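For reference, the structure discussed in these notes is given below.
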Amino acid sequence: MTQIKICGLQTPRDAAIINQSRPDFAGVVFAAGRHQVSPDQAKLIRQHVDAKIPLVGVFMNAPESMIKDLYDQHIIQIAQLHGDEDESMVRALQAHHIPVIKVFKPTDEKAKFTNAEMVMFDSGGGSGRTLDWQQIPSIDQPLALAGGLNPANVSKAIEIVQPTMVDVSSGVEVSGQKDLALITAMVTIAHRK
Ligand SMILES: O=C(O)c1ccccc1N[C@@H]1O[C@H](COP(=O)(O)O)[C@@H](O)[C@H]1O
């Protein structure tokens, strides 16, 4: 079974889709872009997503205090860092009991030396572009694969990369909105592999 995270939730309707489709993790984006939510929107989403499904906060060079506040308010349970955050930031969040997913490009040697609980390889901030899956390096930690995944390509991606988790946002949307049928298909495929 490959774990799956559905990212970029913005509304209680998205939360209802998550509760029906049952991914392992859900995500809210605090980084700038079309999926960005405010802390108040994220709080509303957390209230609507089943408590058994952890909510991952996606950040790009956000202040440590912001991430800790969101964790302390029980809005997020995990931090996903997409920016230039260094290892001191990773360790500071972990010292606050926040599990960290650190995002790297596959060519970045730093991926081999992070203390993060999980390493994610992504093509770049919700761009919807796929990586060259053959070029994903092996690492010691659990590996998450993101970037342009969708129900049509996730099966092949899992076979090649063998990740612990796949992460998807734009590939399960229709006209920019999360889609129940696409998310259900994606979760089913990941959980079968
Ligand atoms: O979605 C965004 O707008 C975003 C902005 C800044 C950093 C990350 C962002 N999204 C994350 O990117 C990956 C892959 O997304 P996609 O499937 O290629 O659309 C995922 O973790 C998103 O949450």
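Just follow the structure's listing: the first ligand is 1, and inside any ligand the first atom is 1. Positions are given from 1, in the same order as the sequence printed here. Bear in mind the structure is a predicted one, so any value in this text is a computation, not a measurement.
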Please confirm whether K5 approaches ligand 1 to less than 4.0 Å, judged on its heavy atoms.
yes
Could you give the distance from CZ (R22) to CD1 (I4), rounded to the nearest 0.5 Å?
13.5 Å
If you measure from each heavy atom of G147 to ligand 1, is any distance below 4.0 Å?
yes
Once you round to the nearest 0.5 Å, how far does OG of S138 lie from NZ of K112?
7.5 Å
Between atom CD1 of I18 and atom CZ of F25, what is the distance when rounded to the nearest 0.5 Å?
12.5 Å
Among all the protein's non-hydrogen atoms, which is closest to atom 12 (O) of ligand 1, and how far away is it?
G126 N, 2.9 Å
With heavy atoms and a 4.0 Å threshold, my read on which part of D122 contacts ligand 1 is side chain
Has the side chain of K178 got a donor or acceptor atom that lies under 3.5 Å from a matching backbone atom of C7?
yes
Strictly by modelled atom types, are T164 and Q3 linked by a side-chain donor-acceptor pair under 3.5 Å?
no
One finds that the ligand 1 atoms under 4.0 Å from a non-hydrogen atom of M60 are 6 (C), 7 (C)
Note, I98 side chain near I78 side chain (heavy atom, < 4.5 Å)
no
Between ligand 1 and H35, is the shortest N or O to N or O distance under 3.5 Å?
yes
Write out the residue and atom name of the closest protein heavy atom to atom 20 (C) of ligand 1, then the distance separating them to 0.1 Å.
D167 OD2, 3.2 Å
Does G148 come within less than 4.0 angstrom of ligand 1, counting non-hydrogen atoms of the residue?
yes
Residues E87 and N115: side-chain donor-acceptor under 3.5 angstrom:
no
Plane angle bin for F30 and F59 - parallel if under 30°, tilted between 30 and 60°, otherwise perpendicular
parallel
Q80, portion touching ligand 1 at heavy-atom distance under 4.0 Å:
side chain
Would you say the side-chain atoms of R46 and Q73 include a donor-acceptor pair closer than 3.5 Å?
no
Residue, atom name and distance, where the atom is the protein heavy atom closest to atom 6 (C) of ligand 1
A31 CB, 3.6 Å
For S170, atoms of ligand 1 separated by under 4.0 Å from a heavy atom
16 (P), 17 (O), 18 (O), 19 (O)
Flag side-chain contact, heavy atom, 4.5 Å: T130 against S123:
no
among protein heavy atoms, the one nearest atom 5 (C) of ligand 1 is G125 O, 3.7 Å
Of the side chain and backbone of S169, name the one, both, or neither that has a heavy atom under 4.0 Å from an atom of ligand 1.
both
Which atoms from ligand 1 have a heavy atom of V168 less than 4.0 Å away?
17 (O)
Identify the closest protein heavy atom to atom 23 (O) of ligand 1: which residue and atom is it, and at what distance?
C7 SG, 2.7 Å
